[in-house]
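Taking it in order: structure first as structure tokens, then the write-up.
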Amino acid sequence: MKNRIVAAVLAVMVAGALTACSSGSKTESTTQTTAQATTQAAKETQAKTTEAKATEAKTTEAKATEAKTTEAKTTEAKTTEAKATEAKTTEAKTTEAKTTEAKATEAKTTEAKAAEAKTTEAAATEAAETEAEKKLPEEAQYTIYNQTGEKVTEIKFTRNDTGKVALDEKSGLADGASTVLKIKKDSTVTDKTSFTFSFTTEGGYTAEYKTLGFEVAPMTLIAEDAKSGATPFKFEAPAEGASTEAEKATEAEATEKVTEKVTEAKATEKVTEKTTEAATEAEEEKKVLPDKAEYTFNNKTGEQVTEIKLVDNTSKKVVEDLKDGLEDGKSVKVSIKKDSSITDKTSYTLTFTTKSGYKAEYKTLGFEVAGINLIAEDAKSGATPIEFVPEAETEAETEAATEAEEEKKELPDKAEYTFNNATGEKVTEIKLVDNTSKKVVEDLKDGLEDGKTVKVSIDKDSSITDKTSYTLTFTTKSGYKAEYKTLGFEVATIKLISEDAKSGATPIEFEK
């Protein structure tokens, strides 16, 4: 546009010049007209130029505005995109954080469950071990191996709860030898029972262990300078190859005992078979009832039986009640006459009670002739507290009992008792009381030292018969008071034993 305006102005000027040159005589008016035209044209040209510049400026401004707008839009788009990217990144980080947290939580939960499982398992194991510990053996048995390098002169077990000596072995144990020491379980022994175990060597070394349990265990005694800690022995047998001649002899004896037990078991099995056959035959013959039922009861419990009772299972009536009881080792015969109510279905419940309080019951005793052994609770091989004895054995025992009863009637001119103190401590008093008159017939208040013997005599007079009996009591220094109520008018040697050495309820042993 600008070029066109300039061209027009030049054309006018050229035309004017040509006119002036060709005419040379133009008038002033023409010149003025031409000048005005030129001025007008210049103004128009200038106006157009200005307008063009304004247009150009506007165009430039528009372009700048458009560029700014485009840039702004680009910036806004980038910002939006950046925000979207940031949002996605934030969301991804949040998701990752949650995932990590979830995994951590899961890991902790798994760890917690594992810990709980271990705790449960540990508790179960502890409970099982505790339960196992509570199941005590019927007899504590300690196999002692002397590996001290010298003779052991004494081995002692002392109850921690009572302070009493449960076992004191003074016969000695040679170096390299072994022995088995046993302590019987009684009603006072629990899973809490423990002993102080001690031993003394020939050289004067005395060792002690205060928390030995009631158990079956091997114990190897070691010398003082061989101890690796405070314990003077090991709960184990000597290493293989360290067996001594004495130990080999012990092992041989054990093997022999096992063989004997196997033989005995086989014999018992045969006896059982024969007993079963006999029982079957007896069952078949049972229909032919005897004129009277006759039971010979033999007390094999190891203590006095205080009562024996028979109750008819049909009528529930007591048909026999021996309230006087039966001494250990003695026999008694009970008869029941047959009447019209008795059939081959008749049966009785036999019960007996011992002095220690053990009450036994057998519910299916038939109307028959039988020898019956009453046995102790710990001697039962099954649920049955009695043993049926073959008739020949019953007759022999009955005859022996009858002979003993007859001999008993021939009283000596004087009763003579030799008391041996085997309690392990001093006996402070020994007393004899007549059970009929309740009078004290002997009272040794000076007592009797442990291991010593004293003899006591009672002269026979007109008041003494074969029914005369005495209650023997003795008291030890530790306060133990023992009693035996059925001592006869006889000549006898009697061992006084400690409470924890009793094999039953009886605190004495008759010696030959």
### Query
Side chain of Glu410, backbone of Pro412: donor and acceptor closer than 3.5 Å?
no
### Query
Would Lys431 and Glu442 pass as an ion pair if we require N to O under 4.0 Å?
no
### Task
Verify the neighbour count for atom CG of Asp324: are there more than 12 heavy atoms of other residues, nucleotides or ligands below 6.0 Å?
no
### Message
Run the ring-ring contact (aromatic ring centres under 6.0 Å, His included) test on Phe233 and Phe197 for me, step by step, so that the C-alpha distance in whole Å, both residues' side-chain angles and the decisive distance to 0.1 Å come before the verdict.
### Response
CA-CA 10 Å; Phe233 65 88; Phe197 169 75; 5.5 Å; yes
### Message
Does Tyr209 form a side chain to side chain contact (heavy atoms under 4.5 Å, CB included) with Thr231? I'd like the steps, not just the answer.
### Response
CA-CA 7 Å; Tyr209 182 75; Thr231 308; 4.0 Å; yes
### Query
Just how far is it from atom CG of Asn373 to atom CG of Asn298, taken to the nearest 0.5 Å?
5.0 Å
### Message
Let me confirm one number: the OG1-NZ distance from Thr354 to Lys359, rounded to the nearest 0.5 Å.
### Response
11.5 Å
### Message
Is it the case that atom NZ in Lys210 sees more than 12 heavy atoms from other parts of the structure closer than 6.0 Å?
### Response
no
### Query
Any idea how Tyr470 and Phe489 line up, ring-wise: parallel (<30°), tilted (30 to 60°), or perpendicular (>60°)?
tilted
#### Entry: Under-4.0 Å salt bridge between Glu139 and Lys184
no
### Task
Could you tell me which non-hydrogen atom of Thr436 sits nearest to which non-hydrogen atom of Asp434, and how far apart they are?
N-OD1, 2.7 Å
### Message
So Glu294 and Val369, do their side chains get closer than 4.5 Å, heavy atoms only?
### Response
yes
### Query
If every non-hydrogen atom of Asn146 is compared with every non-hydrogen atom of Ala174, which pair is closest and at what distance?
ND2-O, 3.1 Å
### Query
Going through the checks in order, is the side-chain hydrogen bond (donor to acceptor under 3.5 Å, both in side chains) test met by Arg159 and Ser194?
CA-CA 6 Å; Arg159 281 276 291 264; Ser194 64; over 6 Å; no
### Message
Would Leu322 and Val334 count as a side chain to side chain contact (heavy atoms under 4.5 Å, CB included) here? Give the steps.
### Response
CA-CA 9 Å; Leu322 301 178; Val334 171; 3.7 Å; yes
### Task
Evaluate the side chain to side chain contact (heavy atoms under 4.5 Å, CB included) criterion for residues Asn420 and Thr493: first the C-alpha distance (whole Å), next the side-chain angles of each, then the deciding distance (0.1 Å), finally the verdict.
CA-CA 8 Å; Asn420 298 326; Thr493 300; 3.5 Å; yes
### Query
For Thr196, does its backbone N or O pair with a side-chain atom of Glu208 as donor and acceptor, under 3.5 Å?
no
#### Entry: Residue pair Val152 / Leu221, side-chain heavy-atom distance below 4.5 Å
yes
### Query
Do Thr473 and Glu483 have a side chain donor and acceptor closer than 3.5 Å?
no
### Message
Can you confirm whether Lys426 sits close enough to Asp450 that some side-chain heavy atom of one is under 4.5 Å from a side-chain heavy atom of the other?
### Response
no
### Query
Once you round to the nearest 0.5 Å, how far does CD1 of Ile372 lie from CG of Asn299?
13.0 Å
### Query
About how many Å separate CG of Asp186 and OG1 of Thr193, when rounded to the nearest 0.5 Å?
8.5 Å
### Query
Has the side chain of Glu215 got a donor or acceptor atom that lies under 3.5 Å from a matching backbone atom of Gly213?
yes
### Message
Do Ile375 and Thr301 have side chains that approach each other closer than 4.5 Å (heavy atoms only, starting at C-beta)?
### Response
no
### Task
Would you kindly say whether Thr200 and Glu154 are connected by a side-chain donor-acceptor distance under 3.5 Å?
no
### Query
At their closest point, which heavy atom of Ala223 faces which heavy atom of Thr148, and how far apart are they?
CB-O, 3.3 Å
### Phe235 vs Met219 side-chain heavy atoms within contact, under 4.5 Å
yes
### Query
Would you say the side-chain atoms of Thr486 and Glu327 include a donor-acceptor pair closer than 3.5 Å?
yes
### Close side-chain approach of Leu310 and Thr349, heavy atoms under 4.5 Å
no
### Query
Is the shortest heavy-atom distance from the side chain of Ser335 to the side chain of Tyr295 under 4.5 Å?
no
### Task
Hey, could you give me the CD1/NZ distance between Ile222 and Lys234, rounded to the nearest 0.5 Å?
5.5 Å
### Message
Counting neighbours of NZ on Lys338 that are heavy atoms of other residues, nucleotides or ligands and sit closer than 6.0 Å, is the number greater than 12?
### Response
yes
### Query
So which heavy atom on Asp500 is nearest to which on Ala166, and how close?
OD2-CA, 3.3 Å
### Message
Please tell me whether Thr353 and Glu307 have a donor and an acceptor in their side chains that are separated by less than 3.5 angstrom.
### Response
no
### Task
Determine, step by step, whether Ile155 and Leu181 satisfy the side chain to side chain contact (heavy atoms under 4.5 Å, CB included) criterion, reporting the C-alpha distance in whole Å, the side-chain angles of both residues, the deciding distance to 0.1 Å, and the verdict.
CA-CA 9 Å; Ile155 300 172; Leu181 300 180; 3.8 Å; yes
## Note on the structure
Looking only at heavy atoms, the pair that brings Glu236 and Tyr145 closest together is O-CD1, 4.4 Å
### Task
Using side-chain contact (heavy atoms from CB on, under 4.5 Å) as the criterion, point out the one residue from Thr453, Ile508, Leu472 that pairs with Phe419.
Leu472
#### Entry: Worked verdict on Phe157 versus Tyr142 for ring-ring contact (aromatic ring centres under 6.0 Å, His included)
CA-CA 11 Å; Phe157 295 79; Tyr142 308 94; 5.0 Å; yes
### Pair Thr220, Gln147: side-chain N/O donor-acceptor within cut-off below 3.5 Å
no
### Summary
The reported gap from NZ in Lys467 to CG in Leu411 (rounded to nearest 0.5 angstrom) is 11.0 Å
#### Entry: Salt bridge flag under 4.0 Å for residues Glu509 and Lys495
yes
#### Entry: Side chain proximity check, Ile183 to Phe195, heavy atoms < 4.5 angstrom
yes
### Message
Run the side-chain hydrogen bond (donor to acceptor under 3.5 Å, both in side chains) test on Thr153 and Glu202 for me, step by step, so that the C-alpha distance in whole Å, both residues' side-chain angles and the decisive distance to 0.1 Å come before the verdict.
### Response
CA-CA 6 Å; Thr153 56; Glu202 199 168 35; over 6 Å; no
### Query
Would you say Asp461 has more than 12 foreign heavy atoms packed within less than 6.0 Å of its CG?
yes
### Summary
Closest non-hydrogen atoms of Thr346 and Ser341, given as atom of the first, atom of the second and distance, are OG1-O, 4.0 Å
